[in-house]
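One structure below.
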Amino acid sequence: MQTRMFRRPLLVLGGLLLSATAMAQGRVIYLENCAACHGLYAAGDGPVAAVLVVPVPDLRRLSVHSAGTYPDQWVRRVIDGREQILSHGDRYMPVWGSEFWLREGGDEQAEQAVLARIQDLVDYLATIQVTD
Ligand code: HEC
């Protein structure tokens with residue numbers, strides 16, 4: 001009885017801790033790979049932004065630009081970028097799917113690590129969205 005009563009809150013707590021860890025992880029990955037262009041606070045004002053020929057987007061406004069709902073699937077695909085190579089258009093942002101894959105060793109197992117890293121980034125960006 002006792003254990004059953006505590007199981008659910010413990011599961012919830014475990015889930016919260018896990019997502020808090022993922023967010024912290026995402027922030028670290030962000031600072032290492034993205035802040036140079038997108039800026040420390042993701043406002044699109046990193047030091048490298050000044051030398052690019054295209055504007056670097058403000059990543060705090062992804063929800064605002066998507067009618068108030070964080071477009072997580074889209075964000076995941078944009079960061080990954082591997083799909084876009086096959087379609088069209090110039091892309092100034094590195095293709096993180098390939099980049100992370102190479103860094104992880106470039107084999108089948110590396111793919112899992114790539115998806116996890118990108119998910120951490122997607123989750124982190126979700127936490128910094130503004131409402132206006
Ligand atoms: C070399 C500079 C550079 C780096 C580093 C960079 N980006 Fe970008 N990012 C851009 C530019 C420029 C765009 C606009 C689209 C384009 O031109 O490719 C963009 C677009 C985006 C978008 C789409 C936003 C929108 O509103 O259209 C997301 C999401 C994004 N970047 C996330 C990231 C993440 C996450 C990282 C780190 C893993 C990262 N970027 C690293 C330059 C960069």
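Hydrogens, waters and symmetry mates play no part in the numbers below; they use all other heavy atoms, side chains included. Order of appearance sets the numbers: ligands from 1, and atoms from 1 within every ligand.
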Can you tell me how far the CG atom of D58 sits from the CG atom of D45, to the nearest 0.5 Å?
-> 8.0 Å

How far is atom 12 (C) of ligand 1 from its nearest protein heavy atom, and which residue and atom is that?
-> V54 CG2, 3.5 Å

Partner set under ring-ring contact (aromatic ring centres under 6.0 Å, His included) for W96, not counting sequence neighbours | F100

What distance do L121 atom CG and I29 atom CD1 have between them, rounded to the nearest 0.5 Å?
-> 5.0 Å

At under 4.0 Å between heavy atoms, what of D90 touches ligand 1? The answer is neither

Check whether any side-chain heavy atom of I128 sits under 4.5 Å from a side-chain heavy atom of Y41, and report yes or no.
-> no

Answer whether the closest heavy-atom distance between the side chains of T69 and S63 falls below 4.5 Å.
-> no

Counting from 1 in the order shown, the ligand 1 atoms closer than 4.0 Å to a non-hydrogen atom of L62 are 24 (C), 26 (O)

Tell me: protein heavy atom nearest atom 5 (C) of ligand 1, and distance?
-> N33 O, 3.3 Å

For R91, the ligand 1 atoms with a heavy-atom partner under 4.0 Å come out as 18 (O)

Is it true that R77 and D80 have a side-chain N and a carboxylate O under 4.0 angstrom from each other?
-> no

Residue, atom and distance of the protein heavy atom nearest atom 27 (O) of ligand 1 read W74 CH2, 3.6 Å

Flag the pair R82 / V114 as yes when at least one side-chain heavy-atom distance between them is below 4.5 Å, and no otherwise.
-> yes

To the nearest 0.5 Å, atom CD of E99 lies from atom CD1 of I79 at 13.5 Å

Is the shortest distance from a Lys or Arg side-chain nitrogen in E32 or R103 to a carboxylate oxygen in the other one below 4.0 Å?
-> no

How far is atom 16 (C) of ligand 1 from its nearest protein heavy atom, and which residue and atom is that?
-> Y92 N, 3.7 Å

Atoms of type N/O/S from protein, distance to atom 8 (Fe) of ligand 1 below 2.8 Å | 2

Side chains of Y30 and H38 in contact at under 4.5 Å (non-hydrogen atoms) | yes

With heavy atoms of L121 as the reference, note each atom of ligand 1 found under 4.0 Å away.
-> 38 (C)

